[in-house]
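Working notes, beginning with the structure itself.
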Amino acid sequence: MVKKILTWGGIAFLLFFIAYRPDSAADVFQSLGSTVADIGQGLGDFVTGLIA
């Protein structure tokens with residue numbers, strides 16, 4: 001029950017954040033995307049180093 005409340009609360013906060021602070025929300029998502037890309041690049045470099 002608590003997990004469900006926290007999940008819906010998080011979704012509501014996310015929608016509120018996007019609706020009222022779109023520039024800040026875009027910056028946050030851009031930063032997260034960049035971080036995920038960096039992790040993928042590092043993992044690819046690691047696998048390439050293992051194979052080569």
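None of these values were measured; they are calculated from a predicted model.
To the nearest 0.5 Å, atom CG of residue Leu43 and atom OG1 of residue Thr48 are 9.0 Å apart.
Here Phe46 pairs with nothing under the ring-ring contact (aromatic ring centres under 6.0 Å, His included) rule; sequence neighbours left out.
Phe17 and Ala25 make their closest contact through CE2-CA, 3.4 Å (heavy atoms, listed as atom of the first residue, atom of the second, distance).
Not a single donor-acceptor pair under 3.5 Å links the side chain of Ser34 to the backbone N or O of Gln30.
The 12-atom threshold is not exceeded at CZ of Phe16, counting heavy atoms of other residues, nucleotides or ligands nearer than 6.0 Å.
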Identify each donor-acceptor pair in which a side-chain atom of residues 2-11 lies under 3.5 Å from a protein atom, sequence neighbours left out, and give them as a table.
from: Thr7; atom 1: OG1; to: Lys3; atom 2: O; distance (Å): 2.8

